[in-house]
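Take a look at the structure set out below.
The sequence lines fix the lettering, A, B, ..., with proteins before strands; numbering per chain opens at 1.
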Number of protein chains: 2
Amino acid sequence: MCPQTERLERLITEESGECCATDVAERLDSLRSYRPETPAGPDADLTALRTLGNDTRYTIVRLLTAAGRELCVCEINPVVDVSDSAISHALSDLHDAGLVTRRKDGTWRYYETTDRAAAILTALDETRRTDR
Amino acid sequence: MCPQTERLERLITEESGECCATDVAERLDSLRSYRPETPAGPDADLTALRTLGNDTRYTIVRLLTAAGRELCVCEINPVVDVSDSAISHALSDLHDAGLVTRRKDGTWRYYETTDRAAAILTALDETRRTDR
DNA sequence: TGACTATTTGAACAGTCTTTCATATAGTGT
DNA sequence: ACACTATATGAAAGACTGTTCAAATAGTCA
């Protein structure tokens, strides 16, 4: 038996006074059942979190959200302090992650936040400064 | 005048038929007002997003949330497929980011999700598969 | 078609993360 | 004090990311 389940066995013994092999197996099954079978949801979540967890991209999404309307790339450029190229890359990543939508109008490109991005920002806003 | 505001000037001209220097300045002021003065909130948000946007840490938080109770480190180890050390690092990072709480009992350490972590996961769950 | 615009794309470098191994800390029981 | 446990910490190596520059695409207007 691997050392990790030995530790778990000792924990269960402390908890309930006794512990047989079945108890360990049951606890392990119970814990493992919390892990998702298919990683599709988690993968999408991780992409969203990683994408939003970058200063430039986060700032752009905050800007779009605060504006409350779609913004043209040329409205974002003068406000965010990186190159046009970096902003284009950022918008592209955000779009791939499902956090903004894109609309073309001639040579202009307009971007707007999705509900998903808004929901994440709301969750953050409502729980800031809470240490519990 | 920098090329970025020239582009903005052309956009405003297209929108409203005309555009003077004041119009550009006003639009810029309006856009810039969306940026936060102090980066304290954003910094905390970025830390939370970056911390949760990693497979190991995300999996641990999902596990804690699904369990609905605090878990001992030795209950997490056998379920998550990285070294004990990596899990300890992950839990430490999550704690620093305000996403889990820690409780000591003898040599055992128990971790539990915070409201902040739960809120983010809920936001993700409620907006998955929405492409708008 | 050709000149000009707004935006995107690709390559490359610097910097940051994530993991592991080895070691350290702290708690318990003898 | 000692042996033994559970967990944490530090350093280091490889993988990954984010930015910039240079060049490409696509739309507009003459």
Checking A/Ala90 now: which residues fulfil side-chain contact (heavy atoms from CB on, under 4.5 Å) with it, not counting sequence neighbours?
A/Thr56, A/Arg57, A/Ile60
Within the structure, does a side-chain N or O atom of B/Arg102 lie under 4.0 Å from either OP1 or OP2 of D/dT7?
no
Between B/Asp93 (CG) and D/dT9 (C1'), how many Å, whole number?
12 Å
Heavy-atom closest pair (A/Asp23 atom, A/Glu18 atom, distance to 0.1 Å) is OD2-O, 4.2 Å
Check whether the side chains of A/Tyr58 and B/Asp45 place a donor and an acceptor atom closer than 3.5 Å, and report yes or no.
yes
Please tell me if A/Arg7 has a side-chain N or O lying less than 4.0 Å from either OP1 or OP2 of D/dA6.
yes
Whole angstroms only, please: what is the CG-P distance between B/Leu46 and D/dG18?
11 Å
Does B/Arg10 or A/Ser85 map to a spot on DNA chain C nearer the 5' end, using the closest nucleotide for each?
B/Arg10
Among A/Thr51, A/Leu91, A/Thr113, which residue satisfies the side chain to side chain contact (heavy atoms under 4.5 Å, CB included) criterion with A/Val61?
A/Thr113
Give a yes or no on whether the backbone of A/Asp84 and the side-chain of A/Ser88 come within a donor-acceptor separation of less than 3.5 Å.
no
Does B/Glu75 come within less than 4.0 Å of B/Arg69, counting only side-chain N to carboxylate O?
yes
So does B/Leu8 get a backbone contact from the side chain of B/Thr5, meaning a donor-acceptor N/O pair under 3.5 Å?
no
Do NZ/NE/NH1/NH2 and the carboxylate oxygens of A/Arg50 and B/Asp55 come within less than 4.0 Å?
no
Here the distance between atom P of D/dT5 and atom CD of A/Glu9, to the nearest Å, is 13 Å
Note: chain A reaches DNA chain C at heavy-atom distances under 4.0 Å over the stretch, first to last nt, 5' to 3', of C/dA6 to C/dG10
First of A/Asp84 and B/Ser92 reached from the 5' end of DNA chain D, by closest nucleotide:
B/Ser92
At under 4.0 Å between heavy atoms, what does B/Tyr111 touch on the DNA or RNA strands: base, sugar-phosphate, or nothing?
sugar-phosphate
Are OP1 or OP2 of D/dA8 and a side-chain N or O of B/Ser88 less than 4.0 angstrom apart?
yes
Can you confirm if the NZ or CZ of A/Arg102 lies within 45° of the ring axis of A/Tyr111 and under 6.0 Å from the centre of its six-membered ring?
no
Quick one: on DNA chain D, does A/His89 or B/Ala86 contact a more 5' nucleotide (nearest heavy atom)?
B/Ala86
Expected list for residues 50-79 of chain B near DNA chain C, using heavy atoms below 4.0 Å, is B/Asn54, B/Thr56, B/Arg57
